[in-house]
**Student:** 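Once you've had a glance at the structure underneath, I'll fire off some questions.
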Amino acid sequence: MNTLDALQFDNRFARLPEPMHTRLNPTPVPEPYLVSANPDGAALIGLDPAEFGRREFVEAFAGNRPLAGADPLAALYSGHQFGHYVSQLGDGRAILLGEAINAEGARWEIQIKGAGKTPYSRGGDGRAVLRSSIREYLCSEAMHGLGIPTTRALCVVGTDLPVYREEDETGAVVTRLSPSFIRFGSFEVLFYRKQHDLLKTLADFTIEHYFPHLAGQEDVYALWLKEVVERTARLMAQWQAVGFCHGVMNTDNMSILGLTLDYGPFGFMEAFDPGYICNHSDDAGRYAYDQQPDVGAWNCTCLAQALTPLMGVDAATSAIEGYPHAFTTHYVELMAAKLGLQPEQEVVDVLIRLLDLLAQDRSDYTLFFRNLCQFDMADGALNSALRDTFLDRESFDAWAGDYAALLRRQGRNQAERQASMRAVNPKYVLRNYLAEMAIRKAADEKDYSEVDRLLTLLRKPFDEQPEFVDYAKAPPDWASKIEVSCSS
């Protein structure tokens, strides 16, 4: 494992032509301090966690001290925000420090968010607040624990520099890790500017380094787009299956690698509501839970349009046609596994009826599926603990009877089936109130123990972890008053 000064860098994105990025250093912050650091994130870049205790670590990831071998820059991109094209966005408060290589040869870009103004800040202050930084830090690791593709997190550094949002708040810098931060909007900006040579350069770069299995194939751009579309569809299925809402599914927040990117006003659904809106700024519900799959497809269409100079309209259209099948197939597989079943048409019917029941009674999504793991499929079993959570018990009884019969018909061993369900139905997710409690302690008392406690918990969300059992309970009444918005 390396010290800070021995990290190995090879900054490939920085070698792309200058119009795709602007080189600049982060703007220092006064008196930074460590809020939390993630050993799992350190392992990704080959960094010794013992470095967390050094002052140099805090200074480096506050943006105050340059890292040897880094080549800091802010990337250019554009995107469709809430359905409207915005011609220039870019890293307005994030700076890519460089690309680190670990001992196994894996590459991870290191980006600090909240690093100060860039040419793409559009009048913003370039800063991040402690609450949003803690939320992103925890949720990226929570999603990884759930097995969902995501950017990762190394640390959060705080500063007493006030940052104004609706009011003055504590400032912070969060360090994010990803194989690449290239996004749909990275290609859109070059398309709309008619910089087709640069568009080809970026596409070739992306395929060479992140889709090398496609290199040299005929119709490589169409094959690449098809794979991006399939990865995106599978990611949307994973979000839906776990009840995750992103909140700002703009094309500039869509990863070309199919990763969950840019955690802002996210939320894990509690009371099941297909129309759940996690973003208080989303008045029209564009990014509601039940809209996410279609928005994913719409965003892929925007990407396909941006890539038409490389493959033509017909090839681009053909490449995105597989999205509905990829999403539906993977979603049904995931939901069948949550039910302990093999996917087939009768499973779809049982699932639809169940989701209607959950929506009717606003049942807690995570709790229901975790409790379903204990379902007794014996003929005549009452399953009273589950039954009593529903108001319409007759409808539940009818559904449970058909579900039990289907389980028996598929011949699942009860103990094995229950174990397999526990492996895909998390006991713990990052509920908003859990994040809020950690944020309040951190902001009001400079007590970061709850951040670290949640980080530990969320690494293994499917395990029982009896020492954390209170974190699996239904949210308290005050949790319903928590609002997160685009400033979160």
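What you see below is based on every heavy atom in this structure, not just the backbone, and it leaves out hydrogens, waters and symmetry mates. Counting begins at 1 with the first residue of the sequence.
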**Student:** With heavy-atom distances below 4.5 Å as the criterion, would you say the side chains of L47 and L4 are in contact?
**Tutor:**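 Touching, per the 4.5 Å side-chain cut-off.
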
**Student:** Counting distance only, does the side-chain N/O of T260 pair as donor-acceptor with the main-chain N or O of P149 below 3.5 Å?
**Tutor:**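 Pair found, side chain donor or acceptor close to backbone of P149.
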
**Student:** Which donor-acceptor pairs under 3.5 Å do side chains of residues 265-274 form with protein atoms, sequence neighbours excluded?
**Tutor:**
from : atom 1 : to   : atom 2 : distance (Å)
D273 : OD1    : G275 : N      : 3.0

**Student:** Evaluate the side-chain proximity of F13 to L96: yes if any heavy-atom separation is below 4.5 Å, no if none is.
**Tutor:**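 Yes. Closest side-chain heavy atoms under 4.5 Å.
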
**Student:** Y120: which residues meet the ring pair (Phe, Tyr, Trp, His ring centres under 6.0 Å) condition with it, sequence neighbours left out?
**Tutor:**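 Applying ring pair (Phe, Tyr, Trp, His ring centres under 6.0 Å) to Y120 gives none.
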
**Student:** Are S132 and E136 side-chain neighbours, meaning at least one heavy-atom pair lies under 4.5 Å?
**Tutor:**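 The answer is no, as the side chains (C-beta and beyond) never meet within the 4.5 Å cut-off.
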
**Student:** Can you check whether R431 reaches E436 side chain to side chain, under 4.5 Å on heavy atoms?
**Tutor:**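 No, every pair of side-chain atoms sits at 4.5 Å or beyond.
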
**Student:** Can you find a pair of side-chain heavy atoms, one from Y287 and one from I277, that are under 4.5 Å apart?
**Tutor:**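 Answer no - side chains too far apart.
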
**Student:** Relative to each other, are the rings of H246 and W239 parallel, tilted or perpendicular (30° and 60° limits)?
**Tutor:**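 It falls in the parallel class, under 30°.
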
**Student:** Start with the C-alpha gap between R370 and D364, add the side-chain angles, then the distance that decides, and say whether salt bridge (Lys or Arg N to Asp or Glu O under 4.0 Å) holds.
**Tutor:** CA-CA 10 Å; R370 186 67 180 193; D364 187 283; over 6 Å; no

**Student:** Could you tell me whether K117 and D125 make a salt bridge, using a distance below 4.0 angstrom between a side-chain N and a carboxylate O?
**Tutor:**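 No salt bridge links K117 with D125.
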
**Student:** Could you please spell out the steps behind the ring-ring contact (aromatic ring centres under 6.0 Å, His included) verdict for F184 and W298?
**Tutor:** CA-CA 12 Å; F184 288 14; W298 191 89; over 10 Å; no

**Student:** Ignoring hydrogens and angles, tell me if any N or O in the side chain of Q292 forms a donor-acceptor pair with the backbone of F244 under 3.5 Å.
**Tutor:**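 Answer holds: yes.
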
**Student:** Please test F82 against N250 for side-chain contact (heavy atoms from CB on, under 4.5 Å), starting from the C-alpha separation and ending with a verdict.
**Tutor:** CA-CA 6 Å; F82 289 89; N250 300 328; 3.9 Å; yes

**Student:** Quick one: ring pair (Phe, Tyr, Trp, His ring centres under 6.0 Å) partners of Y289, sequence neighbours excluded?
**Tutor:**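 Scan of Y289 (ring pair (Phe, Tyr, Trp, His ring centres under 6.0 Å), adjacent residues dropped) gives none.
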
**Student:** State which residues pass salt bridge (Lys or Arg N to Asp or Glu O under 4.0 Å) with K473; sequence neighbours excluded, sorted by chain then number.
**Tutor:**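 D470.
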
**Student:** Please list, chain by chain and in numerical order, all residues satisfying salt bridge (Lys or Arg N to Asp or Glu O under 4.0 Å) with K441, sequence neighbours excluded.
**Tutor:**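 Salt bridge (Lys or Arg N to Asp or Glu O under 4.0 Å) check on K441 returns nothing, list empty.
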
**Student:** Please verify the inter-ring angle class for F191 with H196; under 30° counts as parallel, over 60° as perpendicular, anything in between as tilted.
**Tutor:**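 Aromatic pair F191/H196 classed parallel.
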
**Student:** Assess K427 against Y471: is NZ or CZ under 6.0 Å from the centre of the six-membered ring, and within 45 degrees of the ring's axis?
**Tutor:**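 No, K427 does not sit over the ring of Y471.
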
**Student:** Take R231 and E227 through the salt bridge (Lys or Arg N to Asp or Glu O under 4.0 Å) test and state the conclusion after the steps.
**Tutor:** CA-CA 6 Å; R231 289 191 189 192; E227 184 166 333; 3.0 Å; yes

**Student:** Give the intermediate values and the outcome of side-chain contact (heavy atoms from CB on, under 4.5 Å) for residues N102 and I45.
**Tutor:** CA-CA 5 Å; N102 65 25; I45 58 173; 5.8 Å; no

**Student:** Show me the pairs that pass salt bridge (Lys or Arg N to Asp or Glu O under 4.0 Å) and involve residues 23-51, at least two apart or across chains.
**Tutor:**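 Applying salt bridge (Lys or Arg N to Asp or Glu O under 4.0 Å) to every pair that reaches into residues 23-51, excluding sequence neighbours, yields E18-R23, R23-D71, D40-R459, E51-R54.
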
**Student:** Does the salt bridge (Lys or Arg N to Asp or Glu O under 4.0 Å) test come out yes or no for E166 and R131, once each step is laid out?
**Tutor:** CA-CA 13 Å; E166 286 82 5; R131 61 186 165 98; 3.6 Å; yes

**Student:** Is it true that atom NE2 of H209 has more than 12 heavy atoms of other residues, nucleotides or ligands lying nearer than 6.0 Å?
**Tutor:**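 More than 12 within 6.0 Å, yes.
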
**Student:** Does any non-hydrogen side-chain atom of Y428 lie less than 4.5 Å from one of F462?
**Tutor:**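 Counting from C-beta outward, F462 and Y428 never come under 4.5 Å.
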
**Student:** Answer whether the closest heavy-atom distance between the side chains of Y221 and I207 falls below 4.5 Å.
**Tutor:**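 A side-chain contact exists here, since the closest heavy-atom pair is under 4.5 Å.
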
**Student:** Taking salt bridge (Lys or Arg N to Asp or Glu O under 4.0 Å) as the test, write out the residues that go with D463, two or more places apart.
**Tutor:**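 Partners of D463 by the salt bridge (Lys or Arg N to Asp or Glu O under 4.0 Å) criterion come out as none, since no residue qualifies.
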
**Student:** Can the ring centroids of F187 and W224 be said to lie less than 6.0 angstrom from one another?
**Tutor:**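 Yes; W224 has its ring centre under 6.0 Å from that of F187.
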
**Student:** Scan residues 253-265 for pairs that pass salt bridge (Lys or Arg N to Asp or Glu O under 4.0 Å), counting only residues two or more places apart or in two chains.
**Tutor:**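 Found R176-D262, R183-D262.
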
**Student:** Once ring pair (Phe, Tyr, Trp, His ring centres under 6.0 Å) is applied, do any residues pair with F327, and if so which ones, sequence neighbours excluded?
**Tutor:**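 Result, ring pair (Phe, Tyr, Trp, His ring centres under 6.0 Å) vs F327: Y331.
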
**Student:** I'd like to check S186 versus I256 (side-chain heavy atoms, cut-off strictly below 4.5 Å). Are they in contact?
**Tutor:**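 Contact flag for S186/I256 side chains = no.
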
**Student:** If a pair satisfies side chain to side chain donor-acceptor pair (under 3.5 Å) and one of its residues is in residues 73-85, list it, with sequence neighbours excluded.
**Tutor:**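 Side chain to side chain donor-acceptor pair (under 3.5 Å) check on residues 73-85 returns Y77-D91, S78-Y85, H80-E188.
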
**Student:** Give every residue pair that meets the ring pair (Phe, Tyr, Trp, His ring centres under 6.0 Å) criterion with at least one member in residues 38-74, sequence neighbours excluded.
**Tutor:**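 Applying ring pair (Phe, Tyr, Trp, His ring centres under 6.0 Å) to every pair that reaches into residues 38-74, excluding sequence neighbours, yields F52-F57, F57-F61.
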
**Student:** Could R440 and D447 be called an ion pair, given the rule that one side-chain N must be under 4.0 Å from one carboxylate O?
**Tutor:**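 Judged by the 4.0 Å cut-off on N to carboxylate O distance, R440 and D447 do not form a salt bridge.
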
**Student:** Taking only residues two or more places apart in sequence or in another chain, which ones pass side chain to side chain donor-acceptor pair (under 3.5 Å) with D282?
**Tutor:**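 In terms of side chain to side chain donor-acceptor pair (under 3.5 Å), with neighbours along the sequence ignored, D282 is linked to no residue.
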
**Student:** Considering residues, nucleotides and ligands other than R152, do more than 12 of their heavy atoms fall under 6.0 Å from its CZ?
**Tutor:**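 Check passes, neighbour count above 12.
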
